Amino acid sequence: MSFLSQQSSTIAPDPYKSFSEKLNGRAAMLGLAIGLVVEALTGKGILEQVWTFNKASVLDLSPLTTLLSGIFS
C-alpha cells in the first residue's frame, strides 16, 4: 500500500498533454458558441448548418443584414 501512495505522489502530468487538452476544450467551446450564434441569426440548428455546409449550399444571411441595418441605421 505504501508503494501505491509513493508512486502516485511522484507522477506529474505531462505539460504538453495538458496544453493539448486545454486547447481542444477551448476549440470545442468556441465552435459551440459560434454554432449557437449562427443558429440564432439564421434559424437553422447546428446539425442543419453542418448538413447544408456539406452539401455546399449558400448560407442565407438575410436575417443578419436585417439585424445590422436595424443597429446601424
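Bear in mind the structure is a predicted one, so any value in this text is a computation, not a measurement.
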Checklist line | side-chain contact (heavy atoms from CB on, under 4.5 Å) between Val38 and Ile46, worked out | finding: CA-CA 8 Å; Val38 172; Ile46 293 176; over 6 Å; no
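To the nearest 0.5 Å, atoms CG (Leu30) and CG (Leu23) are separated by 10.5 Å. Atom CD of Glu39 and atom CG of Leu47 lie 9.5 Å apart (nearest 0.5 Å).
Taking hydrophobic clusters as Ile, Leu, Val, Met, Phe, Trp and Tyr residues chained together by side-chain heavy-atom distances below 4.5 Å, Val37 shares a cluster with Leu67.
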